[in-house]
Undergrad: 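So that we are looking at the same thing, I have put the structure below in structure tokens.
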Amino acid sequence: MTEDRPRNFIQQIIDRDNSTGKWGGRVHTRFPPEPNGYLHIGHAASICLNFGLAREFGGKFNLRFDDTNPAKEEAEFVESIERDVKWLGADWEGEFGGGLYFASDYFEQMYAYAVELIKKGKAYVCELTAEQTRECRGTLTEPGKPSPWRERPIEESLDLFARMKAGEFPDGSKTLRAKIDMASPNMNLRDPVMYRVQHATHHRTGDAWSIYPMYDWAHGLEDSIEGITHSICTLEFEDHRPLYDWYLDAINEGRGGTALGGPALRAGCEEEPETHGSESRATVWGPTIHHPQQIEFAKFLLNFVVLSKRNLIRLVQEGHVDGWDDPRMVTISGLRRRGVTPEAIRTLCEEVGVTKFNSVRDMVLLENAIRAHLNKVCPRRMAVLRPIRVVIENYPEGQVEEFEIPNNPEDESAGRRKVSFSRELYIERDDFMEDPPKKFFRLGPGREVRLRGAYWIRCESFSTNEAGEVVEVRCSYDPETRGGSNPPPDGEGKVRKVKGTLHWVSAAHAIKAEVRLFDRLFTTESPGKTTGDFVDDLNPDSVEVLGECKLEAALADRTLDEPEWVDGIRRFQFERLGYFCVDDDSTEAKPIFNRTVTLKDSWAKQAGK
RNA sequence: AGGGGAUUAGUGUAAUGGCAGCACGACUGAUUCUGGUUCAGUUAGUACAGGUUCGAAUCCCGUAUCCCCUGCCA
């Protein structure tokens with residue numbers, strides 16, 4: 001790898017594996033979501049990590065739905081997750097794609113492995129209730145007590161397990177448990193449940209199963225079957241790793257020969273499977289199965305948001321937001337609707353890196369990553385969000401000029417577009433002050449400013465309504481500043497200067513639009529931390545809808561100079577205001593734009609002081 | 001005497017016994033037809049205490065603090 005970037009600890013592990021030939025140079029990762037909710041930016045970090053490693057090392061990346069609990073899972077979530085993962089660019093079908101899988105497709109194989117463990121005396125059917133199981137488990141400081149069913153005959157467990165599968169027993173009446181160590185200081189090893197009875201309709205297998213595997217039992221098997229080399233998960237599973245390994249080792253006990261991870265999957269991999277002995281050692285249990293390495297990293301956390309699934313669901317269900325794809329949500333679909341690009345998210349994930357330390361990332365990092373990308377690729381446009389009318393008194397009535405304004409001052413290849421200018425215009429309300437302070441570089445009585453790409457104008461007078469609000473500003477323009485350029489020097493050779501440049505829209509040519517401004521959903525860094533309930537920290541002003549915005553005509557329809565966006569979302573920089581995109585709800589009759597993020601605003605910062 | 005993981009500028013992240021570096025932020029200044037962008041500069045750090053060593057962020061010992069673990073969730 002030709003990397004001058006620092007390498008994170010997972011890359012270093014893979015470097016080492018490759019140099020020792022542990023996996024024969026193979027790198028196979030996966031993203032294993034449970035389809036019980038929408039993906040958020042924290043998941044994006046995991047997706048970028050896993051897919052990024054597959055790409056970097058020329059390996060494969062699987063998308064696998066960990067659908068082992070029918071009570072919580074729905075097909076709707078499968079669809080949204082596929083869409084989001086694809087949008088992020090983690091293509092499970094492309095060059096580095098290993099494919100799309102469902103844990104539920106492995107249920108039969110998992111069942112067979114479970115039977116094997118019973119036969120080996122490593123698992124037993126337990127008839128304790130959930131509550132009794134809990135009581136027997138002990139506490140963090142006291143060992144547990146063995147289940148009375150722990151030493152029952154193998155044949156009995158085999159029979160009962162088959163009947164559990166056949167649906168003979170009610171929910172919660174029996175479990176299959178691994179026989180490990182009720183005194184282990186690691187709670188996960190105190191005879192964990194492998195299967196529970198659950199008569200539920202699964203979104204893919206329907207009513208075929210009345211028992212469902214638990215995460216710890218299922219997950220390693222899924223990884224094994226798919227030939228995953230590096231099974232990357234979050235820190236809270238560190239305590240589960242001994243169990244992950246125990247299950248795989250227990251299956252492999254008494255097995256021999258070639259390790260196989262899903263033959264179908266292996267067909268696409270060129271390297272030799274690892275060998276744990278000669279073929280002749282194969283036993284009644286069959287060949288050794290593949291045993292991936294679990295690696296844990298710290299979750300991606302962001303300040304000023306909530307990220308847990310439970311809390312996101314609450315925001316949606318209690319109506320604090322407008323659905324999973326509300327632009328204020330840090331769900332992938334919310335970010336997409338907000339106008340964020342996958343590139344920005346990928347850059348952010350790259351920048352923050354991967355560690356084992358639980359740290360909270362600053363929201364401004366996300367905002368900066370968005371600005372950095374959008375600044376390069378967005379065509380500039382002019383839009384007046386809170387218009388006030390400007391009349392150029394010395395500009396001929398009925399005259400219209402067209403100015404060609406660059407779409408991107410730093411990128412001539414972005415082209416130019418035509419903008420109409422006339423006697424009556426709109427400028428931003430914030431760009432005029434009756435009694436401006438000294439450092440205000442915009443319009444005020446007697447002051448002169450440049451209209452971007454058009455002319456310099458000077459404020460001659462203004463009028464207000466009964467409420468004292470400015471309703472109209474009357475100006476004169478200097479014909480010698482055409483195109484916005486400096487006027488010729490005066491008699492003494494001095495060139496007149498102007499401090500400010502304003503955006504503007506010709507009143508007669510403007511299109512009307514709705515623009516939605518978003519602010520942070522929460523007012524505090526860690527919502528709920530001091531109030532106890534994150535709902536109490538909701539920002540009441542997180543959305544502002546402006547219905548009377550005036551946009552330059554080029555924004556009406558997609559013009560030829562606009563870039564092609566792979567996700568089809570039109571994005572722009574509205575000069576001096578920020579980055580905006582066309583909302584899903586937008587129609588020709590009623591255009592709607594969302595503000596993705598503001599520009600940096602050092603004036604607002606200074607004015608706030 | 002429960003177990004596991006962690007701690008480096010304000011924030012995040014490198015340095016894997018050999019010059020503590022980078023990014024973001026903040027603050028200057030320059031450039032600019034966006035108070036944007038860009039450029040230059042300034043700022044500030046190894047949790048604490050002992051030890052090993054010519055030399056320690058790194059190894060050893062102790063302490064402190066934080067996170068995770070007692071679902072038939074994942």
Side-chain angles (χ1 to χ4, degrees), chain A residues 5-9 12 32-34 36 66-69 71-73 126 128-131 133-135 137-144 171-177 184-190 192-198 211-212 214-216 218-219 233-242 296 298-299 303 309 351-362 364-365 368-369 371-372 375-376 380 382 405-406 408-410 439-442 450-454 456 481 483-486 498-503 573-578 598-607:
Chain A
R5 300 184 70 90
R7 299 179 71 63
N8 65 51
F9 80 99
Q12 291 178 28
E34 184 189 16
N36 69 344
D66 199 10
D67 53 352
T68 56
N69 185 359
K72 293 184 172 180
E73 297 152 9
C126 177
L128 256 27
T129 64
E131 195 177 334
T133 307
R134 192 182 328 119
E135 283 163 5
R137 189 153 27 230
T139 68
L140 294 177
T141 50
E142 302 158 22
D171 286 8
S173 59
K174 291 179 177 49
T175 56
L176 183 71
R177 293 229 258 162
S184 173
N186 182 344
M187 303 296 284
N188 298 122
L189 264 21
R190 318 244 263 228
V193 172
M194 296 165 65
Y195 278 93
R196 73 276 208 183
V197 177
Q198 200 175 148
I211 53 171
Y212 289 93
M214 299 290 292
Y215 169 87
D216 287 303
H219 205 86
C233 61
T234 45
L235 247 31
E236 68 267 30
F237 291 104
E238 223 152 8
D239 284 343
H240 296 238
R241 181 161 20 104
E296 309 84 14
K299 266 195 181 105
N303 58 12
K309 247 175 214 175
E351 276 171 1
V352 301
V354 180
T355 65
K356 296 190 71 134
F357 180 58
N358 265 316
S359 48
V360 181
R361 323 291 170 158
D362 198 322
V364 305
L365 289 177
N368 280 334
R371 289 188 185 105
N375 178 51
K376 285 206 196 86
R380 317 284 122 133
M382 290 196 287
I405 301 183
N408 188 336
E410 276 125 49
K439 288 213 170 151
F440 186 80
F441 301 148
R442 309 175 187 183
R450 170 175 24 239
L451 294 181
R452 177 102 223 226
W456 292 18
T481 58
S485 51
N486 290 356
V498 88
K499 278 277 201 164
T501 299
L502 309 187
H503 59 279
Q573 184 196 104
F574 289 178
E575 292 220 28
R576 304 208 302 136
L577 296 176
T598 61
L599 256 30
K600 278 190 196 161
D601 189 348
S602 52
W603 164 245
K605 200 188 284 178
Q606 178 171 331

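First the proteins, then the strands, lettered A, B, ... as listed; each starts at 1.
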Undergrad: Taking the same atom, C1', in B:A14 and in B:G45, what whole-Å distance lies between them?
TA: 13 Å
Undergrad: Checking contacts here: which listed nucleotide (B:A74, B:U34, B:G35) is nearest the side-chain heavy atoms of A:Q606?
TA: B:G35
Undergrad: Take A:G172 and A:N188, find for each the nucleotide of RNA chain B with the closest heavy atom, and name the residue whose nucleotide sits nearer the 5' end.
TA: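 Residue closer to the 5' terminus by nearest nucleotide: A:N188.
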Undergrad: Taking OP1 and OP2 of B:U13, is either one under 4.0 Å from a side-chain nitrogen or oxygen of A:K356?
TA: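 Answer is no, no contact under 4.0 Å.
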Undergrad: The side chain of A:T68 lies closest to which of these nucleotides: B:U70, B:U11, B:A74?
TA: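 Of B:U70, B:U11, B:A74, B:A74 is nearest to the side chain of A:T68.
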Undergrad: Distance check: side-chain N/O of A:R196 vs OP1/OP2 of B:C73, anything under 4.0 Å?
TA: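 Affirmative; the distance criterion is met.
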Undergrad: Quickly work out the A:E575 CD to B:G35 P distance and round it to whole Å.
TA: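 Answer to the nearest Å: 9 Å.
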Undergrad: Counting just side-chain N and O atoms, does A:K600 come under 4.0 Å of either OP1 or OP2 of B:U34?
TA: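 So the side-chain polar atoms of A:K600 never come under 4.0 Å of the phosphate oxygens OP1 or OP2 of B:U34.
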Undergrad: So, is A:R134 near the phosphate of B:G71, with a side-chain N or O under 4.0 Å from OP1 or OP2?
TA: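 For A:R134, the contact criterion (side-chain N or O under 4.0 Å from OP1 or OP2 of B:G71) is met.
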Undergrad: Counting N and O atoms only, with roles assigned by atom type, does the side chain of A:R190 sit under 3.5 Å from a partner on the main chain of A:S184, one being a donor and the other an acceptor?
TA: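 Side chain of A:R190 to backbone of A:S184, a donor-acceptor pair under 3.5 Å: yes, one is there.
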Undergrad: Quiz question: going by heavy-atom distance under 3.5 Å, is there a donor-acceptor pair between the base of B:U34 and the side chain of A:Q573?
TA: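 Yes.
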Undergrad: Ignoring backbone atoms, test whether A:S184 places a side-chain nitrogen or oxygen under 4.0 Å from the OP1 or OP2 oxygen of B:G3.
TA: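 Result: no.
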Undergrad: At less than 4.0 Å, is any side-chain N or O atom of A:K299 found next to OP1 or OP2 of B:C67? Yes or no.
TA: no
Undergrad: Starting from C1' on B:A23, measure out to CG on A:N368 and report it in whole angstrom.
TA: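 Rounded to whole Å, this separation is 10 Å.
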Undergrad: Counting runs of three or more consecutive pairs, Watson-Crick or G-U wobble, with each distance below 3.5 Å, where are the stems of RNA chain B?
TA: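 RNA chain B stems, ordered by first number: B:2-7 with B:64-69, B:10-13 with B:21-24, B:25-30 with B:38-43.
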Undergrad: Between A:H219 (NE2) and B:C73 (P), how many Å, whole number?
TA: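 Taking atom P of B:C73 as the reference, NE2 of A:H219 is at 17 Å.
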Undergrad: Check for me: is A:F357 stacked on B:A6 by the 5.5 Å centroid and 30° plane-angle rule?
TA: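 Stacking is absent between B:A6 and A:F357, given that the ring centres and planes do not meet under 5.5 Å and under 30°.
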Undergrad: Considering just the side-chain nitrogens and oxygens of A:R576, establish if one lies under 4.0 Å of OP1 or OP2 belonging to B:U32.
TA: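 False: A:R576 side-chain N/O out of range (4.0 Å or more) of B:U32 OP1/OP2.
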Undergrad: So if I take every side-chain heavy atom of A:E238 and compare against B:G5, B:U16, B:C27, which nucleotide ends up nearest?
TA: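 Among B:G5, B:U16, B:C27, the one nearest the side chain of A:E238 is B:G5.
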Undergrad: Taking the side chain of A:V193 as its heavy atoms from C-beta onward, which of B:G35, B:C72, B:C27 lies nearest to it?
TA: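 For A:V193, the side-chain atoms sit closest to B:C72.
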Undergrad: Under 4.0 Å between a side-chain N or O of A:R380 and OP1 or OP2 of B:G36?
TA: no
Undergrad: Compare side-chain N and O positions of A:S359 against OP1 and OP2 of B:U13 and report whether any pair is under 4.0 Å apart.
TA: yes
Undergrad: Under 4.0 Å between a side-chain N/O of A:Q198 and OP1 or OP2 of B:G71, yes or no?
TA: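 No, no such contact exists.
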Undergrad: Separation of A:N375 atom CG from B:U38 atom P, in whole Å?
TA: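 Result: 6 Å.
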Undergrad: B:G71 phosphate, OP1 or OP2: any side-chain N/O from A:R137 under 4.0 angstrom?
TA: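 True: A:R137 side-chain N/O within range (under 4.0 Å) of B:G71 OP1/OP2.
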Undergrad: Under 4.0 Å between a side-chain N or O of A:T355 and OP1 or OP2 of B:U13?
TA: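 Yes, A:T355 has a side-chain N/O under 4.0 Å of OP1/OP2 on B:U13.
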Undergrad: Report yes or no: is there a donor-acceptor pair, N or O only, under 3.5 Å between the side chain of A:E410 and the base of B:G36?
TA: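 Between B:G36 and A:E410, which were checked side chain against base, a qualifying N/O pair under 3.5 Å is present.
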Undergrad: Quick check: on RNA chain B, is the nucleotide nearest A:N358 upstream (toward 5') of the one nearest A:L140, or the reverse? Name the residue that is more 5'.
TA: A:L140
Undergrad: Checking only heavy atoms, does the side chain of A:R371 share a donor-acceptor pair with the base of B:U37 at less than 3.5 Å?
TA: no
Undergrad: Tell me if the side-chain of A:D239 makes a donor-acceptor pair with the base of B:G3, cut-off 3.5 Å, by modelled atom types.
TA: yes
